Amino acid sequence: MITANPKISAELPVIRQLDETAINRIAAGEVVERPASAVKELVENALDAGAHRIDVSYADGGKTLIRVVDDGHGIAAADLPLALSRHATSKIDGSDLLNIHSFGFRGEALPSLGAVGRLTITSRVQGQDAAEISVAGGKLAPVRPAALSQGTVVALRDLFYATPARLKFLRSDRAETQAITDVIKRLAMAEPFVGFTLRDVSGGGEGRVTFRADAETGDMFDALHRRLARILGAEFAENALRIDAERDALHLTGYAALPTYSRGSAVAQYLFVNGRPVRDKLLIGALRGAYADFLSRDRHPAAVLFLDCDPHLVDVNVHPAKAEVRFREPGTARGLIVSALRHALAGAGHRASTTVAGATLGALRPEDPAGPARIYQMDRPFAQGIATGYAMQAPAMETPGFAEAAAPSARIEDTVVEPADDALPLGAARAQLHENYIIAQTADGIVIVDQHAAHERLVYEKLKRQMAENGVAAQALLIPEIVELSEGDCARLMEVADDLARLGLTLEPFGGRAIAVRETPAILGEVNADAMLRDILDELHDLGDSQMVQARIEAILSRVACHGSIRSGRWMRAEEMNALLREMEATPHSGQCNHGRPTYVELKLSDIEKLFGRR
């Protein structure tokens, strides 16, 4: 049964001009999605006004009140009504929409907020009297005198009261509060020389401070490092590597954490373009690609990166929320991030994060006396312990096979070790436990090394060096495989054909909409060329670049390294153990295995003494 389309009227539809209030409410749906969006717009306005101190207060997750106080240059009384009209801004003149040097430039935030809530702006320009203007549901009140010493105070009450349907889609007060906090922290990272205070005034009065970051001083990197320690914690700051690299008018700065300081999700990834917090899939993909060789798929790197460039090289006018950007040369931006991070990680050498040692010490600490009843080792019913106990009580006589079964799996090295060896980063080998763990003594502690994981990384890095020096061996196909694609996809693949050829994948145009695959990387064995090309195209469309072939080759090398490394359970002489330690010190990335796990744990003598109550 065919029914009439309810959206099509039987009468001729009439085209009408929407009134200003309706236009502002529609625009507000793009700019202001939730209270956190309003906070972002207002704080960015304060930063554009040159504020050195910004105080943000909110009530009920920002649903009933958002107040932003700054010490910026303010708005003149005569300009207040204009500031609340659409597409009115002091940040651009409209002649060049790419030459953007400020957070805001659309002139939509304030009128959008006034269209869906009750907005009051109080401001004072130095040398002039303060003034105040209010707007509620799009209805503007006249300007009137006010009392204010400096800057601007913007109060937004009853957000979305004029559009009740939007209120139904807001989350709980706690979730909205978390979103506001995340916005403030991101902007605080972008502006370390500006002080921020976030206050919850839901109960009335002064409320309580939920976040505070005082303005930093000194060098930019030092100020950023202290700000990140305040926001992300001291552990991130201790395990973060300084990033400072340039390429083709792009400048990348910031801090990236060691691979062994990884997270279970991407919550610790903060990216900025020309100081603006963004969530761009190109940059996120580049960050993931830089760590692909050091982390397993279920672990995510932690980093705070700032990419600065000429405003003409990036388009920030993609979406009203300004969270997405578009680069003129996306491949250059991605390549800079990957190369800069890998260079920094290589410079870290064998270093592993301090959290590894912290977790180890936590596991070694005695249990809480108030916790569950302790089970001492002598009370644990396991076979080896029982056998050892019987052996200690048995008469001194040889029992065939029994001594081997009960002997502890450890060897103490009596080899003479030079005192200078203890001063080396990973110390001198003293013992091997369970034929898998090397115990080394350093000048101020001990190091425990997983011999299989460490050697696996060493072999892998050696294989990668050999591949870089000798190239990737290509395997010629007896009959070239022809892959049918669209004309656009064929052209896109041929643009990167030279790069793929260096990895052993040789492509040639076959006329029309076809590509001929003549050679594939020999190390990959039999390859489904059609599936591989389509995977490469997917990466090219998403990221503007493809690392898929190289990633597959490196995955094979990783497996080869795993099978070719020293196995767990192998007895090693003192010379071999020390040689392994010295090679680890000389090899980049040796602090973690190919799967992102630490290869060694370093415990300081002072921490060990604390375990025994000696300090």
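Computed from a predicted structure; not experimentally measured. We count residues from 1, following the sequence as given.
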Interatomic spacing from CD1 in I231 to CZ in F211 - rounded to 0.5 Å
4.0 Å
Test V154 against L119 for side chain to side chain contact (heavy atoms under 4.5 Å, CB included), laying out the working first.
CA-CA 7 Å; V154 181; L119 184 69; 3.6 Å; yes
Under a 3.5 Å distance rule, please check whether N239 uses its side chain to pair with a backbone N or O of A257 as donor and acceptor.
no
Would you kindly say whether T253 and D244 are connected by a side-chain donor-acceptor distance under 3.5 Å?
no
Can you check whether E329 reaches L313 side chain to side chain, under 4.5 Å on heavy atoms?
no
Shortest non-hydrogen contact from R299 to S262?
NH2-O, 2.7 Å
Using a cut-off of 6.0 Å, state whether more than 12 heavy atoms not belonging to E495 lie near its atom CD.
yes
Using a 3.5 Å distance criterion without hydrogens, assess whether the side chain of N274 forms a donor-acceptor pair with backbone atoms of C309.
yes
For A213 versus R53, what's the shortest heavy-atom pair and its separation?
O-NH1, 3.9 Å
In the structure I gave you, are the side-chain heavy atoms of K185 and R230 within less than 4.5 Å of one another anywhere?
no
Axial cation check for Y255 ring with R242, 6.0 Å and 45° limits:
no
Under 3.5 Å: donor-acceptor pair, side chain of R227, backbone of A188:
yes
Shortest non-hydrogen contact between I75 and V125, atoms and distance:
C-CG2, 3.4 Å
Atom OG of S112 and atom CD of E41: how far apart are they, to the nearest 0.5 Å?
8.0 Å
H300 and Q269, any side-chain heavy atoms less than 4.5 Å apart
yes
Would you give the length of the straight line joining atom CZ of F306 to atom CD1 of I243, rounded to the nearest 0.5 angstrom?
12.5 Å
Taking it one step at a time, do T64 and R157 satisfy side chain to side chain contact (heavy atoms under 4.5 Å, CB included)?
CA-CA 5 Å; T64 59; R157 300 180 185 276; over 6 Å; no
To the nearest 0.5 Å, tell me how far Y58 OH sits from I180 CD1.
6.5 Å
Which atoms form the tightest heavy-atom contact between L252 and I337, and what is the distance?
CD2-CA, 3.8 Å
Side chains of V153 and V68: closer than 4.5 Å at any heavy-atom pair?
no
Given salt bridge (Lys or Arg N to Asp or Glu O under 4.0 Å), test R124 with D129 step by step and report yes or no.
CA-CA 6 Å; R124 182 176 185 270; D129 293 332; 5.7 Å; no
Kindly write out the residues that satisfy ring pair (Phe, Tyr, Trp, His ring centres under 6.0 Å) with F236, not counting sequence neighbours, or none if the list is empty.
none
Roughly how far apart are D200 CG and T210 OG1, rounded to 0.5 Å?
6.5 Å
Would you say the side-chain atoms of S202 pair up with the backbone N or O of D60, donor to acceptor, closer than 3.5 Å?
yes
Start with the C-alpha gap between K63 and L159, add the side-chain angles, then the distance that decides, and say whether side chain to side chain contact (heavy atoms under 4.5 Å, CB included) holds.
CA-CA 5 Å; K63 299 172 186 176; L159 183 62; 5.8 Å; no
Test salt bridge (Lys or Arg N to Asp or Glu O under 4.0 Å) applied to R186 and D182, step by step:
CA-CA 6 Å; R186 287 178 184 273; D182 182 64; 3.0 Å; yes
Check the pair H589 / L345 against side chain to side chain contact (heavy atoms under 4.5 Å, CB included), numbers first and verdict last.
CA-CA 7 Å; H589 320 307; L345 293 173; 3.8 Å; yes
Verdict with supporting geometry, T260 and R597, side-chain hydrogen bond (donor to acceptor under 3.5 Å, both in side chains):
CA-CA 6 Å; T260 43; R597 294 188 294 270; over 6 Å; no
Other residues, nucleotides and ligands only: do more than 12 of their heavy atoms fall within 6.0 Å of CZ on R279?
no
Is any side-chain heavy atom of L283 closer than 4.5 Å to a side-chain heavy atom of R288?
no
Value rounded to 0.5 Å, distance of OG in S149 from CG in D71:
9.5 Å
Qualifying residues under ring pair (Phe, Tyr, Trp, His ring centres under 6.0 Å), relative to Y270, sequence neighbours excluded
none
Within a strict 4.5 Å, meaning less than it, do heavy atoms of the I121 and E132 side chains meet?
no
Is any side-chain heavy atom of V56 less than 4.5 Å from a side-chain heavy atom of R199?
no
Are more than 12 heavy atoms from other residues, nucleotides or ligands located less than 6.0 Å from atom NE2 of H251?
yes
May I ask you to decide if H312's main-chain N or O and R328's side chain share a donor-acceptor pair within less than 3.5 Å?
yes
Contact summary for L224 and G254, nearest pair of heavy atoms
CD2-CA, 4.1 Å
Tell me whether D219 contacts the main-chain N or O of F221 through its side chain, where contact means a donor paired with an acceptor under 3.5 Å.
yes
Does R171 reach the side chain of R34, with side-chain heavy atoms less than 4.5 Å apart?
yes
Within 45° of the axis and under 6.0 Å from the centre of the six-membered ring of Y161, does NZ or CZ of R118 qualify?
yes
Minimum heavy-atom separation for V338 to A290, with atom names?
CA-CB, 3.9 Å
